[in-house]
Amino acid sequence: MKAILVNDDKSLRWDDVPDPILSNDDCLVKIEAAALNRADLMQREGDYPPPAGCPEWMGLEIAGTIVEIADGAKEKSNWKIGDKVCALLGGGGYAEYANIKYDMLMPVPKNCSMVEAAAIPEAFATAYLNLFIEGNIKKGDTLLMNAGASGLASVIIPMAKAFGIRVITTVLTKEIANNIKHLNADRVVVTTKEDISEVLKEELENGHPVDVAIDCLGGEIMGKCIHYLKHGARWIMIAALAGTKTEIDLKNIYVRNVRIIGSTLRSRTPEVKAQILAKLVEDVWPKVESGEVKPTIYKVLPIEQAEEAHDILYKGQNVGKVVLTVN
């Protein structure tokens with residue numbers, strides 16, 4: 001089969017690789033679409049190696065059709081050849097086929113295309129993990145979701161809204177704010193016009209403090225913002241695209257009982273990931289099928305144009321997910 005490989009100069013090529021070998025609990029999936037994540041860029045740069053046992057090529061979420069089922073997977077699951085599925089992978093989605101443990105597969109939600117389904121597993125699992133497991137967020141709470149134009153925000157914001165949560169998000173320009181209107185955030189802060197730390201101070205003084213923050217930016221502003229949260233709030237760091245260092249008033253942290261939580265989905269055990277996916281299907285699939293929560297697709301390209309697709313993420317041009325299709 002073919003897969004996207006990284007050349008020595010970090011460019012990409014669509015080239016031959018060995019066919020997948022099924023373990024006893026695996027299903028073989030013919031991949032029809034694979035969505036991009038920033039982790040793919042980090043892996044391409046050599047900064048985010050795949051977990052042991054995963055293929056060397058990138059790709060954390062796919063949609064496709066089951067074409068073969070190993071004996072153990074037949075005994076332990078209800079999957080059938082021909083089932084349309086989407087899946088969370090440790091790596092290896094930029095390819096024609098993938099061998100995937102049965103409990104990493106989810107049915108494609110009704111009313112979802114295969115492109116939309118490919119954009120669900122990683123982003124939705126990350127959203128669910130950080131909102132409900134790490135964040136323990138509840139109906140009526142307030143969420144700060146930084147970087148409102150990101151692919152992850154395009155999932156977290158509507159998911160939070162579907163569960164009755166008030167959402168504040170940040171963008172760089174008024175144009176981007178207009179582009180994410182469909183996500184229905186309650187307050188969109190254009191950070192070139194407003195200081196987000198002052199906004200959070202205002203929200204706190206007006207009785208609407210942030211209960212949970214999900215932050216992929218970090219940097220200097222994180223330390224300024226964390227002073228203006230609700231007592232007992234959770235600040236969840238999932239990346240540090242704006243810088244890895246900040247200055248924090250530690251007294252404020254213990255006086256206000258604020259928790260800073262580091263969180264990545266990829267580092268979780270397969271058992272934990274399987275539990276998250278099962279909860280997704282149980283709790284979120286009905287809201288996907290009703291149209292309350294949908295992935296936002298920015299652009300679809302054939303997998304042979306993976307380099308062009310990566311450039312969109314490198315340049316920060318996307319509002320929503322970029323997806324590769326596999327013929």
Side-chain angles (χ1 to χ4, degrees), residues 3-15 17 31 34-62 87-95 98 100 104 118-119 121-127 129-130 134 145-147 149-156 172 213-223 235-246 260-270 272-273 276 298-299 301 303 305-318 320-324:
I4 292 289
L5 301 177
V6 182
N7 297 316
D8 290 342
D9 64 358
K10 300 295 196 294
S11 62
L12 304 178
R13 72 181 190 278
W14 181 237
D15 209 346
V17 297
I31 297 171
L36 272 63
N37 291 276
R38 288 205 168 270
D40 302 341
L41 307 186
M42 294 164 65
Q43 183 172 332
R44 177 180 174 180
E45 299 298 331
D47 296 330
Y48 199 29
C54 291
E56 64 180 272
W57 45 95
M58 297 160 286
L60 301 178
E61 51 187 345
I62 60 99
L88 180 67
L89 291 74
Y94 289 17
I100 304 166
M104 291 292 112
E122 173 76 14
F124 276 56
T126 299
L129 165 67
N130 291 302
E134 295 290 9
M145 178 65 218
N146 277 328
S150 66
L152 183 58
S154 74
V155 172
I156 284 182
L172 285 171
I214 299 177
D215 187 9
C216 59
L217 299 177
E220 181 183 359
I221 195 65
M222 180 267 191
W235 189 288
I236 302 169
M237 293 301 309
I238 60 173
L241 300 175
T244 58
K245 296 183 185 300
T246 196
I260 301 172
I261 301 166
S263 176
T264 62
L265 178 65
R266 198 175 197 180
S267 63
R268 311 287 164 146
T269 65
V272 169
K273 290 179 183 176
I276 294 170
Y298 176 75
K299 193 161 189 177
L301 292 166
I303 198 163
Q305 294 180 31
E307 188 124 29
E308 181 181 336
H310 273 208
D311 284 346
I312 294 170
L313 266 67
Y314 275 123
K315 295 173 183 175
Q317 297 171 333
N318 56 304
K321 299 285 282 187
V322 178
V323 180
L324 302 170

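Starting from 1, each residue takes its place in the sequence as its number. Fair warning: this is a prediction, and the values are worked out from it, not measured in the lab.
With hydrogens and angles disregarded, no donor-acceptor distance shorter than 3.5 Å links the side chain of W57 to the backbone of Y94. Remark: side-chain polar atoms of K321 are paired, donor with acceptor, to backbone N or O of L36 under 3.5 angstrom. With hydrogens and angles ignored, the 3.5 Å screen pairs a side-chain donor or acceptor of D40 with a backbone N or O of N37. A donor-acceptor contact shorter than 3.5 Å is absent between the side chain of S154 and the backbone of G320. Proximity of a side-chain donor or acceptor of R266 to a complementary backbone N or O of G90 within less than 3.5 Å is detected.
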* Given the rule in the side-chain contact (heavy atoms from CB on, under 4.5 Å) test, do I156 and I214 qualify, once you have shown the distances and angles that lead to the verdict? -> CA-CA 9 Å; I156 284 182; I214 299 177; 3.8 Å; yes
* To do: Could you please spell out the steps behind the side-chain contact (heavy atoms from CB on, under 4.5 Å) verdict for H310 and L12?
  => CA-CA 10 Å; H310 273 208; L12 304 178; 4.0 Å; yes
* To do: List the steps and the verdict of side-chain contact (heavy atoms from CB on, under 4.5 Å) for K299 and L301.
  => CA-CA 7 Å; K299 193 161 189 177; L301 292 166; 4.0 Å; yes
* Mind running side-chain contact (heavy atoms from CB on, under 4.5 Å) on L88 and L265 for me, showing each step along the way? => CA-CA 10 Å; L88 180 67; L265 178 65; 4.0 Å; yes
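At most 12 heavy atoms of other shown residues, nucleotides or ligands fall within 6.0 angstrom of atom CG in D8. Counting non-hydrogen atoms of neighbouring residues, nucleotides and ligands closer than 6.0 angstrom, the CD atom of E220 reaches no more than 12 such neighbours.
Not counting sequence neighbours, Y48 has no partner by the side chain to side chain donor-acceptor pair (under 3.5 Å) test.
The shortest distance between side-chain heavy atoms of N130 and I238 falls below 4.5 Å. The closest side-chain heavy-atom distance from W14 to I303 is below 4.5 Å. No side-chain heavy atom of D215 sits less than 4.5 Å from a side-chain heavy atom of I236. Considering only heavy atoms from C-beta on, L217 stays 4.5 Å or farther from M222 through its side chain. The shortest distance between side-chain heavy atoms of S263 and M237 does not fall below 4.5 Å. Proximity of L5 to E56: side-chain heavy atoms (C-beta onward) are separated by under 4.5 Å at one or more points.
Pairing each heavy atom of A34 with each of G93, the nearest pair is CB-O, 3.5 Å. Between A147 and A153, the closest heavy-atom pair is O-CB, 3.3 Å. Shown here for A309 and L324, the closest heavy-atom pair between the two residues is CB-CD2, 3.7 Å. Scanning all heavy atoms of the two residues, the minimum distance from A35 to A118 falls at CB-O, 3.3 Å. In terms of heavy atoms, G92 sits closest to I31 at O-CD1, 4.3 Å. Looking at every heavy atom in both residues, A123 comes nearest to L152 through O-CD1, 3.5 Å.
In this structure, R38 CZ and Q43 CD are separated by 15.5 Å, a value rounded to the nearest 0.5 Å.
Salt bridge absent: K273 and E122 never bring a charged side-chain N and a carboxylate O closer than 4.0 Å. Remark: R268 engages E134 in a salt bridge, criterion side-chain N to carboxylate O under 4.0 Å. With respect to K10 and E307, no salt bridge is recorded, no charged nitrogen being found less than 4.0 Å from a carboxylate O.
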